[in-house]
Amino acid sequence: MTYAKHSTIYLKDYTAPAYLIDKVALDISIHAGFAQVTARLEVRRNPAAGSSAAAPLVLNGEELTLERIAIDGAVLASDAYTYADERLTIAAVPQSFVLETCVHIEPDKNTQLSGLYRSADGYFTQCEAEGFRRITFYPDRPDVMAKFVCTVRADKTQFPVLLANGNPIAQGEEEGGRHWATWEDPFAKPAYLFACVAAKLDMLEDHYITRSGRRVRCAVYVEPGKLDQCAHAMAAIKKSMKWDEDVFGLEMDLDHYMIVAVGDFNMGAMENKGLNIFNTKYVLARPDTATDTDYQNIDRVVAHEYFHNWTGNRVTCRDWFQLSLKEGLTVFRDQQFGMDVHSAGVTRIQEVRGLRAAQFPEDAGPMAHPIRPASYAEINNFYTATVYEKGAEIIRMIHTLIGAQAFRRGMDLYFQRHDGQAVTCEDFVAAMQDASGMDLTQFKRWYNQAGTPKLVVSSRYDSASKRYTLGVEQVFPATAYEDRMANDGLPQARGPYHLPLVVSLLNEQGQELPLRLVGESAAQGTQRTLQLREARQEFVFEDIASQPVPSLLRGFSAPVVLDYPYSEQELTHLMAFDADAVNRWEAGQRLACSILLRGVEIIQKASNDEWIPAGYVEAIRHLLASAFVPGGDPALVAEALQLPSETYLGEQMEVIDPDAIHAARLALRQHLARALRQPLEEAYHNLACAEAYSPEGEQAGKRALRNACLGYLAELDAKDAEEMVSSHFEQAGNMTDTMAALSAIANLDVPARHVILDSFYAKWKHEALVVDKWLQVQATSRLPHTTADVSALMGHEAFDIRNPNKVYSLVRAFCGANPKHFHAADGSGYRLAANVMLQLDPLNPQVASRIARCFDRWKKFDATRQAHAREQLERVYHQAGLSSDLSEVLGKALGY
Ligand code: B3K
Ligand code: ZN
């Protein structure tokens with residue numbers, strides 16, 4: 001592309017827009033092979049822009065062919081404007097005027113899936129972050145907010161459904177069997193929230209009455225024939241609307257709330273005002289096609305996009321550096337929703353696991369950035385785990401520090417001050433500070449400092465004075481971000497964070513002790529939120545009768561690495577008694593982690609499994625049994641039975657040895673399966689469910705545990721495993737059970753493997769999302785021929801490199817979730833990934849860039865692997881015409 005796309009953009013260079021747009025009237029006329037877009041913009045100079053001299057009008061535009069341009073009805077001479085480097089510049093314009101442009105675009109050729117593009121059932125849009133400029137000339141930045149009216153025109157038979165944001169205000173027919181519809185959005189919005197659709201779709205319709213009595217029409221549009229897969233998404237819309245009213249007092253503000261599902265989509269979903277566009281993956285579900293996890297993800301993504309209506313749309317971002325303002329906050333909101341509508345403990349555990357799997361390595365790798373980065377080359381590269389998931393943790397810390405009530409007052413104040421505005425992260429924190437009275441100045445460091453801080457905690461018990469002292473030190477690992485900032489002449493000074501450390505102390509019986517800090521007259525409960533502000537701090541508790549076991553960082557109260565020298569005995573104690581679900585789980589993970597890392601060292605020298613302590617096996621035996629006592633929670637036990645992932649274990653090592661990690665983890669699984677065969681089999685049989693399928697509650701929890709048991713039993717000798725897995729496959733009455741069998745068999749070198757994989761494909765080859773699952777289990781198989789299988793599957797009729805879901809299911813699953821094969825010592829995994837990047841970059845750079853991110857940790861491997869990785873990274877990096885997406889990610893990985 002052009003040089004402009006590859007240059008770095010800095011937050012410090014932000015200036016207010018020179019011109020504002022009050023109203024936009026769009027006319028999008030779709031024809032075979034092209035579309036014509038006429039835009040009528042009511043433009044005026046921005047009084048707040050500073051400079052009094054008449055600035056030129058600069059509009060963004062990408063891959064647009066300009067057919068006509070006029071100001072206040074007068075067509076501009078060709079020397080009155082320039083169109084170069086994706087910018088249309090008009091040197092002289094009046095104070096306020098109407099600009100009309102007419103452009104020709106080619107949506108059928110738009111393989112990037114940004115802007116207006118073709119998918120099987122019609123035409124769809126994706127404008128965040130900078131896709132609107134691929135539809136028409138516009139100041140495509142979030143701080144320009146305008147009211148939109150949009151007319152969509154297309155062939156009536158082929159594309160009977162015509163949608164845009166807001167309310168339908170007119171429709172009609174025109175020559176040649178065509179029709180049109182006009183939609184008007186009553187709210188001013190930035191262009192990234194624009195959407196329109198012209199397609200052949202089925203619709204499920206319902207309504208929601210808001211708490212003030214307004215009727216909102218809710219509609220879910222899907223590919224013809226898929227109406228029987230929409231009910232869950234519809235229920236999720238209504239649940240989300242109710243939850244946001246109950247918890248935040250926020251009501252739906254439009255008369256129409258629509259979700260349109262499309263099979264070709266770069267990410268999960270998009271919160272366009274009143275017209276969300278979703279990846280089919282987060283809409284379609286039927287018991288036989290979707291797993292319990294799919295159902296839960298649908299709930300969460302529907303809620304997330306709906307919650308954006310207030311946190312993102314009504315109040316939006318001033319610039320893209322502030323992305324976490326809307327994303328971190330909205331993820332926090334969908335997490336809270338998840339904890340309320342599903343199990344709070346399981347939900348939080350899954351989030352912690354996700355953060356550590358994706359965000360901690362990001363902080364430790366070449367793309368490290370704070371939740372508000374100071375610079376970027378390609379904004380699409382910054383829709384990251386840091387901006388989203390760590391961003392949500394930052395909001396959660398504010399919630400913990402100031403309490404739920406003050407947080408709610410802060411939200412109210414935020415909307416009161418900023419409704420209809422494009423604001424910054426400071427504005428949000430200021431509302432929280434003013435509503436709570438807590439000084440959050442130091443807290444704001446979380447927005448500007450990168451890296452995962454480590455809390456080094458030590459404890460001291462003095463039996464004479466009955467005092468227990470916790471010492472806490474904050475340590476900041478160096479990150480690639482500081483180096484980049486220093487190179488840019490923007491050196492970063494780092495200081496200690498303000499954060500909540502939630503603690504409790506357990507006695508020998510596992511009971512929580514009353515907590516009285518030095519200086520307090522009485523104990524204040526058995527759980528305390530300690531506020532850290534200094535690099536080193538001490539907390540002294542009085543009246544502690546005997547040496548306690550500390551339960552630290554409860555609920556994962558801050559996104560940090562906790563370093564405390566727990567003994568294996570203490571961990572077993574916490575695993576059995578801690579009342580905090582996250583810490584009970586965490587104790588088991590720590591225990592497994594230390595055992596596995598010891599195993600890795602032994603395996604690197606000789607292969608045996610004598611490193612597995614009998615005490616651990618007993619702890620797991622108790623854990624499994626605890627699911628069946630009164631009050632037991634099978635879903636939590638299922639989480640706890642999952643050993644730390646290979647990737648997570650790798651992060652704990654100086655130099656990652658993927659083969660030894662794989663071997664140690666497998667050996668532990670096999671050992672547990674052999675040692676606990678009987679209770680696992682009993683659990684498997686006892687947990688069978690005869691009720692009609694429901695994706696939620698007790699039933700899903702039991703299913704999760706039963707399938708976890710199956711997973712262990714599948715590690716027994718191949719013959720027994722084959723029999724058991726085959727019968728599970730045959731008896732499965734829903735996709736959750738089917739997938740448990742399919743993933744297990746994909747790892748077994750037995751005759752039934754092909755039979756099951758083939759019959760699954762034959763049954764589901766017309767259901768795209770189910771085919772994705774079939775690709776994914778093969779891509780993540782541990783069998784030796786997996787890399788060759790992935791290459792072969794790329795040539796299979798089921799694969800299409802232009803479809804992001806297919807690339808994610810096959811290639812990204814292989815690169816991101818199969819460390820043993822992706823990091824193969826012969827470089828074959830890296831070569832495969834590089835070939836895909838080269839093929840994909842000219843088609844869809846955003847998806848190519850997500851594959852590139854799988855190389856983030858290449859420097860943590862041995863010299864041989866590093867050499868292979870470097871060779872492949874260089875090969876792609878030096879490709880002529882590389883996108884800004886790939887050049888930024890690869891350039892950072894290579895240290896350029
Ligand atoms: N805001 C969109 C993400 C857009 C990604 C653009 N590359 C979905 C979401 O976070 O809700
Ligand atoms: Zn979002």
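Throughout, residue positions are numbered sequentially from 1 according to the sequence presented. In this text the structure is predicted, and so the values were computed from the model without any measurement. Both ligands and their constituent atoms are indexed starting at 1 by order of listing.
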Is there an N/O/S atom in E327 that lies less than 2.8 Å from the Zn ion (ligand 2)? yes
Between Q776 and S809: side-chain donor-acceptor atoms closer than 3.5 Å: no
Quick one: sort the F382 and Y376 rings into parallel, tilted or perpendicular, breaks at 30° and 60°. tilted
Which atom of H304 is nearest the Zn ion (ligand 2), counting N, O or S only? It is NE2
Given the side-chain rings of H369 and Y481, with only the six-membered ring counted for Trp, is the space between their centroids under 6.0 Å? no
Who's the nearest protein heavy-atom neighbour of atom 3 (C) of ligand 1, and how far? Y388 OH, 3.5 Å
Backbone, side chain, both or neither: what part of K326 comes under 4.0 angstrom of ligand 1, heavy atoms only? side chain
for atom 7 (N) of ligand 1, nearest protein heavy atom and its distance come out as N380 OD1, 2.9 Å
How far is atom 1 (N) of ligand 1 from its nearest protein heavy atom, and which residue and atom name does that atom have? E128 OE1, 2.5 Å
The closest protein heavy-atom partner of atom 8 (C) of ligand 1 is A269 O, 2.9 Å
What residues form a side-chain contact (heavy atoms from CB on, under 4.5 Å) with L843, not counting sequence neighbours? T111, I801, R802
Just to verify, what does A833 make a side-chain contact (heavy atoms from CB on, under 4.5 Å) with, not counting sequence neighbours? C815, F822, I851, F855
